[in-house]
Amino acid sequence: MSEQPVRGLLEILQQIPDPRGREGLRHPLSAMLAAMICATLCGFRGLRATGRWLDIHGVAMWHLLGFRRKPPVRQTYADLLKEMDVAAFERVLVEFSQQCAPEVESTTSDVQVEVWDGKTLRGTRHGEQRAEAILVRMQAIVGQLIASVRIPLDTNESKAAFELAKSLVLTGKLVVGDAAYCQRDTCQQIIDSGGDYLVTVKGNQPQLLRDIELAFAIPEGFSPLCS
C-alpha cells in the first residue's frame, strides 16, 4: 500500500464539479455517486438496482453515504449522469483506485503489460443506433484501470485502438488484446509507438490462423523428444 494516508471515497468524489443548478441540490453529489459505485461493486447494476441496494441497507447506510433525506429516485440519478463531467469522474476514480492498489514487487523485467479491451455501455442503445462503447486500458498485474476512451459510433474497436496507439508513448510496454486487435495497421502502430503486442488470432484473419496451425502441426519443430 502507499505510505501516504488513503483518502476516503466520499472525500475524493467531492473534487468533481457539481453540474446541477441551485434547484437540483437536494442530495449531495458525492452521496449519489458513492451510492452508485457501492451498489455496482455489490452486483446491483443499473439505476433501479441502486435504489434497491439503498433500500436494503436502510437509513444507517444513507447517513454514512451523506444523504440528508430519503435518497432520490431513478430519474434523478439519470438526469445527473447526463450532465456529469465524465472525464473528471474517471480521473478521481483512477486516483482512488491507485492509492488503494497493493505494491507490486519489482521484477527483473522492465516490461509493463497493458490489457486493451472494448466495453459496451449498458443502456446506451437507442433504436437502430448501436450502443455506446469505450476502449479500456488496464494494468495487467494488479488489474487496475489506467484510462478509457470513447469509441466513436462511425468506427470500431480496432480503428479506435490504432488512433489511441498513435497518441501514446508505449516504450517498454506490452499491449495485450483479443482478436479485434489482430490488424496489421494496429499492430504496426503499437510497434511504431515503441511498444510490442500480444494478440489473439481467430477466424477474422483466416490465412494467419492457418499458418499458425500448420506451424504447430509439425511437432518436430517444437519438441526434442520426437523421433
### Task
Taking atom types as modelled, find out whether Gln188 and Asp192 have a side-chain donor-acceptor pair closer than 3.5 angstrom.
yes

Measuring from atom [atom1] of [X] to atom [atom2] of [Y], what distance do you get when rounded to the nearest 0.5 angstrom?
| X | Y | atom1 | atom2 | value |
| --- | --- | --- | --- | --- |
| Phe162 | Thr155 | CZ | OG1 | 10.5 Å |
| Ser148 | Lys119 | OG | NZ | 12.0 Å |
| Phe96 | Ile12 | CZ | CD1 | 6.5 Å |
| Asp85 | Ile16 | CG | CD1 | 8.0 Å |
| Trp116 | Ser158 | CH2 | OG | 11.0 Å |
| Ile56 | Phe44 | CD1 | CZ | 4.0 Å |

So, for [X] and [Y], which heavy atoms are closest and what is the spacing to 0.1 Å?
| X | Y | answer |
| --- | --- | --- |
| Tyr181 | Gly118 | OH-N, 3.6 Å |
| Leu209 | Gly203 | CD2-N, 4.0 Å |
| Thr120 | Ala131 | CG2-CB, 3.5 Å |
| Ser193 | Ala165 | OG-O, 2.6 Å |
| Leu164 | Arg137 | CD2-CD, 3.7 Å |
| Arg20 | Pro28 | NH2-C, 3.8 Å |

Consider only side-chain heavy atoms of I, L, V, M, F, W and Y, link residues closer than 4.5 Å, and tell whether [X] and [Y] are in one cluster.
| X | Y | value |
| --- | --- | --- |
| Met84 | Leu9 | yes |
| Met32 | Val59 | yes |
| Val169 | Leu135 | no |
| Tyr197 | Leu168 | yes |
| Met138 | Leu93 | no |

### Task
Could you go through the side-chain contact (heavy atoms from CB on, under 4.5 Å) check for Glu157 and Asp178 one step at a time?
CA-CA 11 Å; Glu157 186 177 341; Asp178 58 23; 4.2 Å; yes

Counting distance only, does the side-chain N/O of [X] pair as donor-acceptor with the main-chain N or O of [Y] below 3.5 Å?
| X | Y | answer |
| --- | --- | --- |
| Thr40 | Met36 | yes |
| Trp62 | Leu54 | yes |
| Asn204 | Ala179 | yes |
| Gln14 | Ser30 | no |
| Thr186 | Cys182 | no |

Do [X] and [Y] have side chains that approach each other closer than 4.5 Å (heavy atoms only, starting at C-beta)?
| X | Y | value |
| --- | --- | --- |
| Phe89 | Leu33 | yes |
| Gln205 | Gln183 | yes |
| Glu114 | Val176 | no |
| Tyr77 | Pro72 | yes |
| Trp53 | Met61 | yes |
| Leu80 | Leu29 | yes |
| Asp79 | Glu83 | no |
| Val149 | Ile134 | no |

#### Entry: Basic-acidic side-chain contact under 4.0 Å: Lys166, Glu163
yes

### Query
Salt bridge or not for Glu132 and Arg150, using N-O below 4.0 Å?
yes

#### Entry: Trace of the side-chain contact (heavy atoms from CB on, under 4.5 Å) decision for Leu153 with Gln129
CA-CA 8 Å; Leu153 292 175; Gln129 179 177 297; 3.4 Å; yes

### Query
Within a radius of less than 6.0 Å around CZ of Arg210, do more than 12 heavy atoms belonging to other residues, nucleotides or ligands occur?
no

### Message
Would you say CZ of Arg69 has more than 12 non-hydrogen atoms from neighbouring residues, nucleotides or ligands within 6.0 angstrom?
### Response
yes

### Task
Dump the intermediate steps for side-chain contact (heavy atoms from CB on, under 4.5 Å) on Val115 and Val175, then the final yes or no.
CA-CA 6 Å; Val115 178; Val175 176; over 6 Å; no

### Task
Tell me, with the steps shown, if Ile151 and Arg130 meet side-chain contact (heavy atoms from CB on, under 4.5 Å).
CA-CA 11 Å; Ile151 300 176; Arg130 79 177 195 192; 3.8 Å; yes

